[in-house]
Peer 1: 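Structure provided below as C-alpha cells; questions to follow.
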Amino acid sequence: MRPERRGWRPSIGSALLALAVAALLVPLSGLWVLRLYESALIRQTESELIAQSAVIAAVYRTGWLAAGGRLDGSERAAGDSTLHPPGFDGPWTPRFAALDLAADPILPPPPDPLPAPAPADPVSVQAGAALGGVLREAQRTTLAGMRVLDRTGVVVAATGEATAPVSMVHQEEVARALAGEAVSVLRLRAKGPAVSGLAAVFDRPSALRVFVATPVLEEGRVIGAVLLSRTPRALAETLYGKRWHLAGLAAVVLGAVGGLAALGAAAIARPLRAVTRRAIAIAEGARETLTPPPPTLIPPVREVDDLSHALARMAVTLERRADYIRDFAAHVSHEFKTPLASISGTVELLRDHLDGMTADERERFLSNLDADARRLSHLVRRLLDLARADVMTGGPGEAATDPAPLLARLAGRYGAPGMGVTVDCAPGLTLPMGAEALETILVNLFDNARQHAGPCPHVTVTLRREGEEAVLTVTDDGPGVSPANAARLFDPFFTTARASGGTGLGLSIVRSLAAAHGGTAAAVPSTGGGVFVVRVPVG
C-alpha cells in the first residue's frame with residue numbers, strides 16, 4: 001500500500017544533496033570572495049595610479065606651457081574638443097578604475113625601451129627636466145614606476161636614470177595614449193619569483209603589474225603622455241592585515257556548518273531516534289500507540305515522515321490483532337469448554353456405572369458423546385475456514401470465476417432438503433476470485449438462512465454489476481435480524497442458533513473472504529427477512 005501524502009516533504013536524498021551542495025559552496029564561496037578581493041586590490045592600485053597620473057600630467061602640461069610650448073594654427077584647427085564621459089558636462093573628465101581579473105586579458109611583460117629615432121622636443125625636455133626629481137622622490141612613497149613622454153613617445157622624465165634618449169611608442173598602451181585614449185592594462189611582471197600551489201592563490205596579484213597610460217592634452221591635442229606602473233599588494237599581506245576580520249568570517253562559516261549539521265539532525269536524525277525509541281518500547285510490550293511526531297519548525301524528510309506514519313499504522317494494527325487474538329482465544333475456550341465438559345462427565349459416568357446401565361441408557365450417553373465429538377469436529381473445521389479466510393489475499397493474479405454454474409449447483413443441493421432457492425444471475429458476469437472462495441461465501445450464507453429463517457425457508461440470490469462492483473444479495477423470508485443483534489452479526493462466535501449446531505463463525509468467514517478480495521459484507525435492514533449483501537470490485 002502506498003503511503004498517504006501529508007504535504008510536501010524533502011526526501012533523504014534531496015536533503016543530503018542540499019547539505020552536500022551547501023557544504024561545497026562554503027569553500028567555493030571563499031575562493032570567489034578571494035577572487036573578488038584580488039580584483040579589488042588591482043582596482044585600488046589602478047585608482048591610485050590614475051590619480052597620480054592626473055597630477056603628473058597637469059604638472060607636465062603647466063611646465064610645457066611655461067617652457068614656451070605652443071600649438072600652431074594648423075594644430076589648433078585640427079584639435080578635437082575635450083571628450084567628456086556620459087553624464088558629465090563642462091571641464092570635468094573623471095576616470096574610474098575598471099580593471100577586472102575575470103574580464104580583462106593579462107598581457108605579456110612590457111617590451112624594453114628602444115633607442116629614440118630622433119631627439120625629444122626641446123620644450124618637452126625642459127618641462128620634463130623639472131619633473132625628474134619630483135618623480136624619483138614620489139616613487140619612494142608610491143613605489144610606482146613613472147615615465148613622462150613627449151608627443152612622439154620619447155621619454156623626457158622617468159624614475160629611473162636614462163643614459164640616452166629612449167622611445168616607448170612601440171608599447172601598446174603608450175601608442176593608444178599618444179592617440180588620445182586613456183588606457184589601463186594588466187601585464188605580467190618582467191621579473192619575479194615563480195610561485196605555484198597555494199602560494200599562487202595568495203600571491204597572484206604580486207605576479208602582475210598594473211599599467212596606466214594617460215594622454216596629456218592641450219586644447220584637445222596630445223602634447224605627451226604619462227605612463228605609470230605598479231605591482232598590487234600581495235593578497236597574503238593584505239589578508240594578514242585583515243586577520244581579525246577573517247577570523248570573524250571563519251567563525252561565521254563554522255556557525256553556518258554547525259547550522260547545517262543541526263538542520264540535518266533536526267530533519268533526519270532526531271525524528272529517526274524518536275521513532276526508534278517508540279518502536280523499541282512497543283517491541284518490549286508497551287501498550288501505546290506509535291503516534292507520529294508533532295509538527296516542528298523544521299519538518300522531517302519524506303522517508304522519515306512516511307516511516308513514522310507507517311509504524312503508527314502498524315502499531316495500531318498489531319494492537320487490534322492482539323486484542324482480536326485474545327478475544328478469539330477466549331471465545332474458542334468457551335466454545336470448546338461445554339462439549340469437552342459434557343464428554344468428560346459422560347466418560348466419568350460410563351466408567352463408574354457402565355455395568356449397571358440399561359442398553360437404552362448406554363446408547364443415550366454414547367449418542368451424547370457422538371454429538372459432542374461431531375460438534376467439536378464441526379467447530380474445528382469452521383475455525384480452519386476462518387483462519388484461511390483471514391490470511392487469504394485476492395488480486396489481479398487470481399483466476400476469475402463464472403458464478404452461474406456454481407449458483408445452479410448450490411441451488412440444487414440446498415433446494416432438495418426443503419429449502420427453496422431462486423437464482424437471478426446477470427449473464428456474462430465473472431468475479432475476480434477463486435471458485436472455492438466464492439463457494440465458501442455462498443455456502444455460509446445458505447447455512448445461515450437455513451438455521452435462522454425457520455422451517456422450509458425460501459432464499460433468493462441475485463448477482464448484478466453496479467459500476468465497478470459485483471453485488472451479491474442473499475435474501476430469505478424468515479423473521480429477519482433484530483436491531484439488537486444487527487451490530488454483532490459478523491462477530492466471531494456470535495449466534496442465536498447454538499442449539500441447532502450454529503458456531504457463530506459463518507458470517508465472520510464471509511466478511512473475511514470479502515475483505516481479502518477488496519470487498520465488503522453487510523446485513524441490510526429489512527422488514528421482510530434477512531438481507532445480506534456482498535460487494536466485490538471487478539475493475
Side-chain angles (χ1 to χ4, degrees), residues 10-52 94-106 140-144 184-189 192-212 228-273 296-301:
S11 66
I12 290 180
S14 60
L16 294 178
L17 178 61
L19 293 176
V21 170
L24 178 64
L25 288 179
V26 170
L28 290 182
S29 62
L31 294 177
W32 178 71
V33 169
L34 289 179
R35 182 77 171 181
L36 291 179
Y37 202 49
E38 285 180 347
S39 291
L41 290 176
I42 289 173
R43 280 194 292 271
Q44 179 183 0
T45 302
E46 180 192 6
S47 181
E48 294 172 357
L49 293 178
I50 289 173
Q52 296 169 27
R95 180 181 171 191
F96 302 104
L99 287 176
D100 191 344
L101 276 175
D104 293 309
I106 298 176
R140 301 164 64 89
T141 301
T142 65
L143 305 179
S184 298
V185 297
L186 286 172
R187 287 187 179 274
L188 294 173
R189 291 179 62 184
V195 291
S196 61
L198 186 62
V201 176
F202 290 98
D203 292 337
R204 185 181 180 190
S206 63
L208 305 176
R209 198 165 178 87
V210 178
F211 284 79
V212 171
L228 273 64
S229 65
R230 200 186 79 187
T231 300
R233 293 183 65 188
L235 184 59
E237 176 186 354
T238 306
L239 292 179
Y240 180 77
K242 300 288 186 180
R243 57 189 180 278
W244 299 117
H245 299 83
L246 293 176
L249 177 62
V252 171
V253 171
L254 290 177
V257 173
L260 291 176
L263 178 63
I268 301 175
R270 191 180 305 164
L272 279 178
R273 286 196 296 268
T296 57
L297 181 62
I298 301 175
V301 294

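Only a predicted model underlies this, so the values are computations on that prediction, with no experimental measurement involved. Each residue takes its place number in the sequence, starting with 1.
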Peer 1: So which heavy atom on Ile50 is nearest to which on Val212, and how close?
Peer 2: CG1-CG1, 4.0 Å

Peer 1: Got Val210 and Leu186 here, is their nearest side-chain heavy-atom distance under 4.5 Å?
Peer 2: yes

Peer 1: Test Arg95 against Ser184 for side chain to side chain contact (heavy atoms under 4.5 Å, CB included), laying out the working first.
Peer 2: CA-CA 11 Å; Arg95 180 181 171 191; Ser184 298; 2.9 Å; yes

Peer 1: How would you list, by chain and number, every residue that makes a side-chain hydrogen bond (donor to acceptor under 3.5 Å, both in side chains) with Ser47, sequence neighbours excluded?
Peer 2: none

Peer 1: Could you give the distance from CG (Leu208) to CZ (Arg187), rounded to the nearest 0.5 Å?
Peer 2: 12.0 Å

Peer 1: Atom CG of Leu228 and atom OG1 of Thr45: how far apart are they, to the nearest 0.5 Å?
Peer 2: 12.0 Å

Peer 1: How close do Ala144 and Leu49 get, heavy atom to heavy atom, and via which atoms?
Peer 2: CB-CD2, 3.8 Å

Peer 1: Please confirm whether the backbone N or O of Ala98 pairs with a side-chain atom of Glu46, one donor and one acceptor, at under 3.5 Å?
Peer 2: yes

Peer 1: Tell me, please, which residues at least two apart from Asp104 pass side-chain hydrogen bond (donor to acceptor under 3.5 Å, both in side chains).
Peer 2: none

Peer 1: Report the residues that fulfil side-chain hydrogen bond (donor to acceptor under 3.5 Å, both in side chains) with Glu48, sequence neighbours left out, ordered by chain and then residue number.
Peer 2: Arg230

